[in-house]
Amino acid sequence: MANRKTSTFTEVELEFMQLLWDLGEMSPDEMLQALHGKGRRLADGSVRKILSILLDKGHVTRKRDGRTYRYQAEVAASLLDTRDLKAGALDEIKKLIAEKEAKEG
């Protein structure tokens, strides 16, 4: 599969990334449960496909954990290149940066 690097997210990709930023490393099953908890009903195969797309685009990394993979956000700054940020998105980015700095500080 070709590597499709892009700095923008679709709406559903952004939803996945926000969960990864908020909750950290996740398996596809954990992502599915988190999405269901937010009222988003996606099939297991759809969750795995979107994670695969995010991996291919370079937005997430994954590592094997037994019989499954665990995904982790690779980027946050690419959101700043998105021209159509929703209200509050910039505040959320600032919050994520502050939390990351606090963990490393």
Side-chain angles (χ1 to χ4, degrees):
M1 185 179 287
N3 198 3
R4 300 172 299 195
K5 297 234 181 215
T6 178
S7 62
T8 59
F9 298 108
T10 65
E11 183 178 330
V12 73
E13 288 171 351
L14 182 57
E15 189 173 356
F16 275 55
M17 293 302 296
Q18 287 175 328
L19 283 171
L20 288 168
W21 288 320
D22 291 345
L23 303 174
E25 191 177 271
M26 301 176 78
S27 71
D29 290 338
E30 291 166 340
M31 177 66 73
L32 183 65
Q33 293 304 313
L35 290 166
H36 282 186
K38 293 181 139 246
R40 171 72 87 162
R41 299 290 179 207
L42 292 176
D44 180 65
S46 297
V47 168
R48 292 175 192 280
K49 178 64 176 173
I50 294 165
L51 286 169
S52 177
I53 289 168
L54 289 169
L55 178 69
D56 191 43
K57 288 182 174 184
H59 297 306
V60 300
T61 58
R62 73 178 182 187
K63 66 180 180 182
R64 185 164 287 283
D65 183 19
R67 297 179 61 191
T68 190
Y69 285 105
R70 298 195 61 78
Y71 292 81
Q72 184 172 10
E74 182 68 16
V75 296
S78 66
L79 280 177
L80 299 176
D81 292 334
T82 303
R83 300 290 183 250
D84 299 329
L85 289 176
K86 292 183 180 178
L90 192 55
D91 290 334
E92 181 66 19
I93 294 168
K94 289 176 185 177
K95 177 183 154 207
L96 291 169
I97 291 170
E99 288 173 0
K100 181 70 172 173
E101 288 175 340
K103 286 181 184 177
E104 293 179 4

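Along the sequence shown, the residues carry numbers beginning at 1. Scope of the values below: all heavy atoms of this structure, side chains included, with no hydrogens, waters or symmetry mates.
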Straight-line distance of R70 CZ to M26 CE, nearest 0.5 Å: 8.5 Å
How long is the span from the CG atom in D22 to the CE atom in M17, to the nearest 0.5 Å? 11.0 Å
Starting at NZ of K49, measure out to CG of D56 and round the result to the nearest 0.5 Å. 8.5 Å
Going by heavy atoms in the side chains, are Q72 and R62 under 4.5 Å from each other? no
Value for OG (S27) from CZ (R67), rounded to nearest 0.5 Å, stands at 13.5 Å
Begin with the C-alpha distance, continue with both residues' side-chain angles, and end with the deciding distance and a verdict on side chain to side chain contact (heavy atoms under 4.5 Å, CB included) for I53 and T10. CA-CA 11 Å; I53 289 168; T10 65; over 6 Å; no
Taking all non-hydrogen atoms of both residues, which atom of V60 and which atom of A73 are closest, and how far apart? CG1-CA, 4.3 Å
Angle class for the W21/F9 ring planes (parallel below 30°, perpendicular above 60°, tilted otherwise)? perpendicular
State plainly whether the residues K38 and E15 are in salt-bridge range, i.e. N to O under 4.0 Å. no
Please report the C-alpha distance between E74 and L54 in whole Å, then the side-chain angles of each, then the deciding distance to 0.1 Å, and finally whether the side chain to side chain contact (heavy atoms under 4.5 Å, CB included) criterion is met. CA-CA 10 Å; E74 182 68 16; L54 289 169; over 6 Å; no
I would like to know whether F16 and L42 meet side chain to side chain contact (heavy atoms under 4.5 Å, CB included); could you show each step before the answer? CA-CA 12 Å; F16 275 55; L42 292 176; 3.8 Å; yes
Can you name the closest pair of heavy atoms from L19 and M31 and give their distance? CD1-SD, 3.5 Å
On a heavy-atom basis, the closest approach of P28 and V47 is O-CG1, 3.7 Å
Trace of the side chain to side chain contact (heavy atoms under 4.5 Å, CB included) decision for H59 with L20: CA-CA 11 Å; H59 297 306; L20 288 168; over 6 Å; no
Search all heavy atoms of E30 against all heavy atoms of E25 and return the closest pair with its distance. OE1-O, 4.1 Å
